[in-house]
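A quick note: this is a predicted structure, and the numbers were derived from the prediction, not measured. So that the names make sense, note that chain A is the first sequence line, chain B the second, and so on, each numbered from 1.
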Amino acid sequence: MKDRVVISPTTRQEGHAELVMEVDDEGIVTKGMYFSITPVRGLEKMVLSKAPETAPVLCQRICGVCPIPHTLASAEAIDQALGIEIPKAARLLREATLAAHNINSAAIHHFLVAPDFVPEELFATAVDSVSNIRKNVQYVVDMIAGEGIHPSDIRVGGMARNITPFTKERLIERMTALKSDLEAHIELIKNCVAESAEKMGIPKDLGVVNQPLLAVHPTYGVNEFDMDAFSEVLPEAWYDDPEVGKRGCSVIPLINGTNVETGPRARMEKFQGFKDKGVIAQHVARADEMLKNYDACLEALDAIDPAASARADYDPRGTGELGFGIIEGPRGTNAHMAKVEDGKIKFYSAIVPTTWNIPTMGPATEGFHHEFGPHVIRAYDPCLSCATHVMVVDDEDKSILKNEMVRI
Amino acid sequence: MPLGTYKEALSARSTDSKILDVSQDGGIVSALLCYALDEGIIEGAVVAGTPDEDWRPIPTVVTSADEVIAAAGTKYSMSPTLSALKEATRQYGLEKVGVVATPCQTQGLRKAQAYPFTRFVVDKIKLLIGIYCMENFPMASLDTFATAKLGFDSLTDATKMDIGKGKFWLTKDGEDSGLAIKETHGYEQAGCNICMDYVAEWADVSTGSVGSPDGWSTVLTRTDDGDSIFKAAVDAGLIETKPMDDVKPGLPLLEKLAKGKKDKNGKERENRAKLGLPLPVEY
Ligand SMILES: Cc1cc2nc3c(=O)[nH]c(=O)nc-3n(C[C@H](O)[C@H](O)[C@H](O)COP(=O)(O)OP(=O)(O)OC[C@H]3O[C@@H](n4cnc5c(N)ncnc54)[C@H](O)[C@@H]3O)c2cc1C
Ligand code: SF4
Ligand SMILES: [Fe+2]
């Protein structure tokens, strides 16, 4: 007998999604389908025909959990679309900002999964540790980028201002002092995950997938993207279940025709030789990556010359060529692309980390008991609001009218 | 009470000749900032400098006594001083900030502190020095006073700018030229005509020239912090004081001008209300 288990919405993640699992008599998942049901905001549409500087300001609002990668991807896409080479100091300031943010976001994720893994007697310790780390790394983002959540000072052409020597010193001091706490935090989380995984009987190979990896940089990003290898299909064409296909709110992005895995584990495998796969490996990789970002942050801070200019002069008219801002966010590769002509944004598109992972997360639940389904999803730390795009639906029955994605 | 709530009123002057050489009046603003910087009460301050020496006030973050002194002296035009607070508390990395503000800016800051909109900005303000203010002028008005009314080639020829004894003064080549205050009427920024606060009633410490002899300032200490910082600067020998009762013209003149501003501008508020114009709330 074929049965269905539906979790709607999946919880302790950002945004709303649904996990539909077909299960056999033993409750083992035979088919997993995961899709976004978060309403659309349409920011890619809003920036059209606006001045290029509008994009980072609006597009950072795509998400309140990973606003920094969105701001950076947007600024970098516009930088390239305008033919701007940002000053070295600006690049270093951006790198330090992203590395600090990615540590912050990993810590938030630890808070979200704490009820799964952290035993009661350690719960307060874990929460305090998360707060302590966040307070310190968010301070770095605040000082360099203006605001920890929606940064005001990451600008087209670089940064609003360089930091002063005093601030550089203060940030380095504060980060240096954080190191032992961060190492203790990583140990705590990894131990909790290992011990409780055993207690809960989480299978060793739960959530293992063998999809190609998407990761472009160990800690920052690049300004190129292989458009020939890239394609998108609609949820209707992707999911076998037409109901699911109808209700899914995000496109399915593919590289060379297949879905991919992106995120901390993918980065750690591609750039740091990390080998393990699956749910536990996701948690371990995310925790270990905090140290990589810590090193990257300090390295960038150290290299900043506070006397240098952090912003380039530029011509806002645009090259008419597609610019790419491909940034490694906490949940994976965040690709923004933009075209600017006559000083106005003519095209804008964002393919964000969770969008890549959505088609990969569902099948990752297959082969195990459905009770483990939510663990698989949370291991990927999805962030749905940024993943959601739009299509034309019938007002009455919500079915898709146009079998093509409306580009927003 | 036309002077708002205050703990003590004193006539005072900096004891540092480096400050007195460049300060507008008794150099109280600069002396307090230098003391607070030295003692670590603040790590820096937002003031109104004029980097191009053209009298246009530019919000400036200062972190040393030299920078404080370089920004001394009154520029009689609007300085968007509060706009530099973000920079001060971010890229400058300041955790404890001083601000020099006109009464209207003081009100704005206190409101910002009362509402939770400005995260990690206004909560870092540790010393708010208010300066008395009757009115303020757009740069174009100052240009007009200098060229059309006082016959200067350019406003930038002036080495000092002051208002006192019923006149607007510009100094050039050591010589003072005065323009009767009533000649400046109509040139002030329109908002100043409905402003009810002369003496920065919500500051930690307020100061201005009125009430004290030339080269001295009248100081009103208002909050516990303002009072203790001022007293400590006096104890440290950076500021000398005299009781208000011992100086001429003394507090009665300050009270008269403060009340005069409230009366006159209160009427203008009524006029504007009758016309259905919006009025900012006064506290
Ligand atoms: C527009 C205006 C009108 C004024 N009207 C009166 C008045 O009617 N009666 C009176 O007694 N005093 C008035 N003052 C105050 C007076 O001119 C002196 O600024 C005050 O006495 C401080 O002098 P000081 O020697 O202690 O300060 P100083 O040591 O000379 O330092 C002055 C400080 O004020 C800051 N500053 C200069 N211009 C501005 C500005 N436009 N906005 C904000 N901050 C500024 C400077 O950066 C500096 O930090 C007025 C000031 C302004 C700006
Ligand atoms: S008169 Fe009032 S409104 Fe005008 S500058 Fe002075 S404090 Fe501000
Ligand atoms: Fe997000």
> B/K86 and A/S152: which non-hydrogen atoms are nearest, and at how many Å?
Replying inline: NZ-OG, 3.2 Å

>> Surrounding NZ of B/K18 (heavy atoms of other residues, nucleotides or ligands, distance under 6.0 Å), is the total greater than 12?
In response: no

> What part of B/E87 gets closer than 4.5 Å to chain A, counting heavy atoms only: side chain, backbone, both or neither?
Replying inline: both

>> How about CG on A/D313, more than 12 heavy atoms from neighbouring residues, nucleotides or ligands closer than 6.0 Å, or not?
In response: no

> Got a sec: does the CZ of A/R61 have more than 12 other heavy atoms crowding it under 6.0 Å?
Replying inline: yes

> Taking atom NZ of B/K160 as the centre, does the number of heavy atoms from other residues, nucleotides or ligands within less than 6.0 Å exceed 12?
Replying inline: yes

>> Is it the case that over 12 heavy atoms from other parts of the model lie below 6.0 angstrom from the NZ atom of A/K292?
In response: no

>> Does B/E240, at its CD atom, have more than 12 non-hydrogen atoms belonging to other residues, nucleotides or ligands within less than 6.0 Å?
In response: yes

> Any idea which heavy atoms bring B/Y92 and A/F166 closest together, and the distance?
Replying inline: O-CD2, 3.3 Å

>> Within this structure, what is the CD-CG distance for the pair B/Q91 and A/D142, rounded to the nearest 0.5 Å?
In response: 10.5 Å

>> Less than 4.5 Å apart, side chain to side chain, heavy atoms only: is that true for B/R90 and A/R161?
In response: no

> Where on A/D153 is there a heavy atom nearer than 4.5 Å to chain B: the side chain, the backbone, both, or neither?
Replying inline: side chain

> Which atoms of B/T89 come close to chain A, meaning under 4.5 Å heavy atom to heavy atom: side chain ones, backbone ones, both, or neither?
Replying inline: backbone

